[in-house]
*Asks:* 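Structure in structure tokens, see below.
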Amino acid sequence: RLGCSVILCLDNDPAGRAATLTCGDNLFKPMRGNVFVLAYPDEDRDVNTQPDDYELESLQWMVGRSLRYVDHINKLREEEKKKCRPRTGV
């Protein structure tokens, strides 16, 4: 068995985000959980960017901030919860 990791670097558009989940789900068990997701900058969270839109130094920074796949899933769940919470004090 190889002791390696996979970093998913798909486009930051709806199709790429969906494909990240599909790939992550398919790779998680065979890779023994060593699956990571490229961390796009917060300011590009809702922008349809792709990895090759960035210069090498920026891409290296994003790879260095990659999240474990499980943490990525948990972050998505937390973001969904925030969207679904009713506003108070309005």
Side-chain angles (χ1 to χ4, degrees):
R1 303 232 180 215
L2 297 175
C4 61
S5 300
V6 171
I7 300 175
L8 301 173
C9 301
L10 284 82
D11 292 356
N12 192 31
D13 60 9
R17 290 190 291 267
T20 296
L21 297 177
T22 301
C23 292
D25 288 345
N26 290 330
L27 289 170
F28 190 79
K29 191 173 180 179
M31 292 300 300
R32 297 180 172 179
N34 290 322
V35 179
F36 296 81
V37 177
L38 183 73
Y40 281 96
D42 290 339
E43 60 270 11
D44 291 345
R45 175 179 294 190
D46 296 319
V47 180
N48 293 336
T49 56
Q50 51 194 22
D52 64 349
D53 289 337
Y54 296 91
E55 293 186 18
L56 180 60
E57 294 80 19
S58 297
L59 192 56
Q60 288 171 330
W61 178 80
M62 291 162 38
V63 167
R65 292 183 58 229
S66 296
L67 293 173
R68 286 192 165 279
Y69 182 67
V70 222
D71 296 333
H72 175 71
I73 295 296
N74 290 334
K75 183 178 177 183
L76 293 177
R77 287 182 181 147
E78 285 301 312
E79 289 172 359
E80 266 312 300
K81 284 181 189 177
K82 287 179 185 177
K83 287 180 187 176
C84 296
R85 288 184 188 145
R87 291 187 188 180
T88 56
V90 177

*Asks:* In Å and rounded to the nearest 0.5 Å, what is the CE to OH distance from M62 to Y54?
*Replies:* 5.0 Å
*Asks:* For the residue pair C23 and L8, what are the closest heavy atoms and their distance?
*Replies:* CB-CD2, 4.0 Å
*Asks:* Can you find a pair of side-chain heavy atoms, one from S5 and one from M31, that are under 4.5 Å apart?
*Replies:* no
*Asks:* Would you check, one step at a time, whether the test salt bridge (Lys or Arg N to Asp or Glu O under 4.0 Å) holds for E80 with K83?
*Replies:* CA-CA 5 Å; E80 266 312 300; K83 287 180 187 176; 3.8 Å; yes
*Asks:* Given V6 and N34, is the side-chain contact (heavy atoms from CB on, under 4.5 Å) satisfied, shown in steps?
*Replies:* CA-CA 6 Å; V6 171; N34 290 322; over 6 Å; no
*Asks:* Are the side chains of V37 and I7 in touch, meaning some heavy atoms are under 4.5 Å apart?
*Replies:* no
*Asks:* Any side-chain heavy atom of P51 within less than 4.5 Å of one from L10?
*Replies:* no
*Asks:* Nearest 0.5 Å please: distance from the CG atom of N12 over to the CG atom of N48.
*Replies:* 7.0 Å
*Asks:* Between L38 and V63, is the side-chain contact (heavy atoms from CB on, under 4.5 Å) condition met? List the steps.
*Replies:* CA-CA 6 Å; L38 183 73; V63 167; 3.7 Å; yes
*Asks:* Got a donor-acceptor contact below 3.5 angstrom from the D44 side chain to the V47 backbone?
*Replies:* no
*Asks:* Rounded to the nearest 0.5 Å, how far does CZ of F36 lie from CG of L27?
*Replies:* 12.5 Å
*Asks:* Could you state the interatomic distance from NZ (K81) to CD (E78), rounded to the nearest 0.5 Å?
*Replies:* 4.5 Å
*Asks:* Could you state the interatomic distance from OG1 (T22) to CZ (R17), rounded to the nearest 0.5 Å?
*Replies:* 13.5 Å
*Asks:* Which value, rounded to the nearest 0.5 Å, describes the distance between D53 atom CG and L59 atom CG?
*Replies:* 10.5 Å
*Asks:* Are F28 and I73 connected in a single hydrophobic cluster, I mean Ile/Leu/Val/Met/Phe/Trp/Tyr linked by side-chain heavy atoms less than 4.5 Å apart?
*Replies:* yes
*Asks:* Does anything in residues 55-77 form a side-chain hydrogen bond (donor to acceptor under 3.5 Å, both in side chains)? List the pairs, not counting sequence neighbours.
*Replies:* D25-Y69
